[in-house]
Amino acid sequence: MKYNFNEIEAKWQKYWAKNQTFKAVNGSEKPKYYVLDMFPYPSGAGLHVGHPLGYIASDIYARYKRHQGFNVLHPQGYDSFGLPAEQYAIQTGQHPAITTKDNIATYRRQLDQIGFSFDWSREVRTSDPSYYKWTQWIFIQLFNSWYCKHAQKAFEIKELITYFEETGNGNIDAVCDDNVEVFTAEEWNAYSWEKQQDILLKYRLTYLAETEVNWCPALGTVLANDEIVNGVSERGGHAVIRKKMTQWSMRISAYAERLLQGLETIDWTDSLKESQRNWIGKSVGAQVKFKVVSNEVKEAPELEVFTTRPDTIFGVSFMTLAPEHELVQQITTPEQKEAVNAYILATAKRSERDRMADVKTISGVFTGAYAIHPFTQKLIPIWIGDYVLAGYGTGAVMSVPCGDERDYAFAKHFNIPIINIFEGVDISEEPFTDKQKTVIGNSDFLNGMNYKKATKRAIYELEQIEQGEGKTNYRLRDAVFSRQRYWGEPFPVYYVKGMPQMIDAAHLPIKLPEVEKYLPTETGEPPLGNATVWAWDTNKNEVVSNDLIDNETIHPLELNTMPGWAGSSFYFNRYMDPENQNDIASKEAMDYWKDVDLYIGGSEHATGHLLYARFWQKFLFDKGVVPVDEFAKKLINQGMILGTSAFVYKINLEFKLIYTIKPLPETILLNYAQPFGKVKEQDGSVDSNYLVSKSIYESYKGTNPSIDTLTFVFDFNKEYWKNRIMNQVLENVEDKQVLNFYDVELELNNFNLKPIHVKVQYVNASDELDIEGLKSDREFGEDYKDAEFILEDGVYKVGRDVEKMSKSKYNVVNPDDIVSDYGADSLRLYEMFLGPLEQYKPWNTAGITGVHNFLKKLWKLYADDNGLKITDVAPTKDNLKTLHKTIKKVQEDIENFSFNTSVSTFMIAANELTAQKCTSKDILEPLLVLISPYAPHIAEELWSQLGNSESISTAPFPEFDASHLVESSKNYPISFNGKTRFTMELPLDMSKDDIEAAVLANEKTQEQLAGRTPKKVIVVPGKIVNIVG
RNA sequence: GCUGAAGUGGUGGAAUUGGUAGACACGUUGGACUUAAAAUCCAAUGUCCAUUAGGACGUACGGGUUCAAGUCCCGUCUUCAGUACCA
């Protein structure tokens, strides 16, 4: 009986599919456990070995939990709306739905052959109307909701309307736009319908607003902040400009505080939580109003600033406004007007990127105006400076140079006085920014107070004189929710008199219309503008032809679509009950599954998907749709698998031909106006077609060898090259006869070795290149057919380097190849064996023989050429010790997500049991359950060979019995001054004194001491003996 | 700059609360089997010195705590990731 992995794996994959082995049951008696992977975008390239890493880890965990008796939900699906399919559609005209369907089929085939225990009956696809019906439904709920700051919760917009009708908006504590006017109930009721709708938009949790967006002309769409990297689009690297557009936005800022607080309740990685905290960017402080004195304005305006240090209010020596601040034009004095305008112009010209890159240059201009200090009544000069950002806080700062780095630098640069308000601190060289050690002085009623007390008091005093109040600011901005794309969820929105209206949820889904072209229209509208059947009939409640639009009963539909993160923000809830027609999932299903127990995915989603999904979850929780307000208890980021690229090294030669010319006939003399005997140089550059092996590359790289040493590198024929280059020169001369070379010398002008990527498939475990394989490659064979490979020790060694896996680097390894050569179990084990899950690590196919050999060895423990070798013989002490040692370690490892070390543990177990010649069923049967989560196919096969008729997947995990690991003696390391010199076998129950006596009596101890008397003997029973002296 | 993670043989990586550094693999070398190759099995494999016995040095670098430090403390350097004047 041989280990025929291909046969076994196909057999069990078929068995699992047929028997629905991994189907999760809603409402089982068993405790639930929900293991989720971030679902993939099905790209056209298919999977490479890096993609399944997280899926293998989560699969091991899911299978382990089944052995532990849990009812495990482990679903998979596709985030199938997205740009690549649309771009492909633009290029080829093929409908993205078809591309997507094909890609999904490839993904499914690839995933299936790795043997995942997914419950495929629950698969979701975000681009499926039966799924995006719910994305649209949630959008409608958001539109119909507002957020009450007081209750910290979302409520129905109807309640808000009632409130407006009865009391106006004067006392409402709601999250809304900054520019909402105050109105009474009478005023509200008198407003036109349009006006009311317009006001309500300022309160809705998703709203339409003119926003400055990141417009990418090349992609024809708006990008979210996190879709821009270094000022260019993340996808494609195109330029991005700021542009005003009417867009749907999500009022995520309403949830800023809860998103921040919620982080305390979830077990996510610290680095991820930290990124979210930074992104939310909470700062607590005060909003302070300063009166402005200005000759230019009759009624003195007020300048509002936000500060986190109200305790330092007596240290204010100037104010700084962002150049874009609206007060700037009002308050600037005529004398300063010119300078101020010049400065504003200069900063406006500087691009966003310049401003970011150039942080050190201090610039600013005095406006000529002054503000009045609320307590001292002293005049404070008002400056403008581009270190103050218009978009944060109020766009204005009270500058306290003694306590802030930038204010200090600004004050020093412009010679503005610096007031010291800290007791016992020297600020002549640098500001004092340590809040904790702060003792305020020189500050009237704040004197002697620490940061905390002074802050509280300052806010209190400001409130008394009505010139300020405590305030918390967040950096988190509302999220733009419109995309000018075809392949995304359509909005369930039509427009009446320019005002957005929601389609009744009963008529969902609103399906994507067919279009001829997937590009924006000629008038610059999004691709849906190409649709001819894209109007809403409010009588029939269906989508009808645009020709029928009468703006009475038939209205135009929204042309934007939703962004990529819409569909992924609640999918984890849909898996709980994916077929449900009436709800995202039934209440029973949600109450049973509640939340994700373990979520595995990449850290690149830290501030995108993972923040938006938390936001929607909290909203749905407020609406009573979901039972918990955090969707994932624990989250692990898997690292990336990198490729190990392979290089060959091509010699590039640049020759210099030095020749002396005889006198030439007159016609030519014009061209070669050189006297007889003059040396002329002619360069010749040659692509050599010689490829050198790695060590030759290393010894010649960067050197400048002479032409004669080249012969040592390879079979270099100087005469041949000389002639070749001379012919090259001659080709440039019209009449060949007239040229007579008198003396010619060839020299090497430049020599370099160029590394070239080659396909990693042609490299073996010893980094040797399969030259014949490369030459017969379908894609690149031509390039190398005539190449001369210069070997070292009879072989060609390639250079290696770790890089991101990518097609262009020819280091992509396809799991299909690995599965057919070594099997899915080997692939699964090897991906885990590579190293810790969260770490970035290189893939090197050569190493897979290690785990593959282990599986073969494991198989041999159970079966040989004569069939099964298992017996009912009682296990030996050693057998039991090996088994229980393994149980303990593997269980600990799985629970700590340390999958790499358990693979080692299995190897050790197999090595030991082989050495022990173990055939005992009592040992080998439980061992299979231990291995089953990692290598499920071989485990199922041997399990059934042992006579089990049920799948191994729900067999109970073996119980650890510590009694088998109890030892009677220990091989003590005996060290002298901390250095281990020898070991000694001693009973574990021996007393400290007896151990000391036994060790000192040993002749080796005496040898080591060489007559010296030990000063001290440290005995740690069961661990070590250390002799000092 | 700030935040977070990391730095151990030729390579991937092990090492519980400080207690025999380098488990387990890959690679390399030698050997067995074979006409040969593959496969398989056995042995060696951190560096240096030494014929051996043995010794010295070794976890990025420099200090420190300790009987004992990869592990704890202080400082420095490097790499990767995130972030960008947030008042």
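Numbers restart at 1 for each chain; the letters A, B, ... are given by sequence-line order, proteins then strands.
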Judged by atom type as modelled, is there a donor-acceptor pair below 3.5 Å linking the side chain of K273(A) to the main-chain atoms of L263(A)?
-> yes

If you draw a 6.0 Å radius around CD in E430(A), do more than 12 non-hydrogen atoms from other residues or ligands fall strictly inside?
-> no

For F833(A), what residues pass the ring pair (Phe, Tyr, Trp, His ring centres under 6.0 Å) criterion, not counting sequence neighbours?
-> none

If the glycosidic angle is within 90 degrees of 0 it's syn, otherwise anti, so just tell me which one G9(B) is.
-> syn

Polar atom pairs (N or O), protein with nucleotides 28-32 of chain B, under 3.5 Å:
from, atom 1, to, atom 2, distance (Å)
U28(B), OP1, S766(A), OG, 2.2

Report each atom pair, protein N/O against N/O of nucleotides 39-42 of chain B, whose distance is under 3.5 angstrom.
from, atom 1, to, atom 2, distance (Å)
U40(B), OP1, N853(A), OD1, 2.8

Considering only side-chain heavy atoms of R981(A), which listed nucleotide, A87(B), A56(B), A84(B), is closest?
-> A56(B)

Spacing of the P atoms in G54(B) and A37(B) (rounded, Å) | 38 Å

Where each residue is assigned the nucleotide of RNA chain B containing its nearest heavy atom, which of K979(A) and I1018(A) is assigned the position nearer the 5′ end?
-> K979(A)

Identify, between G847(A) and S975(A), the residue whose nearest nucleotide on RNA chain B lies closer to the 5' end.
-> S975(A)

Could you work out which one of C24(B), U20(B), C26(B) sits closest to the side chain of I908(A)?
-> C24(B)

What's the closest nucleotide to the P836(A) side chain, out of G13(B), C85(B), A87(B)?
-> G13(B)

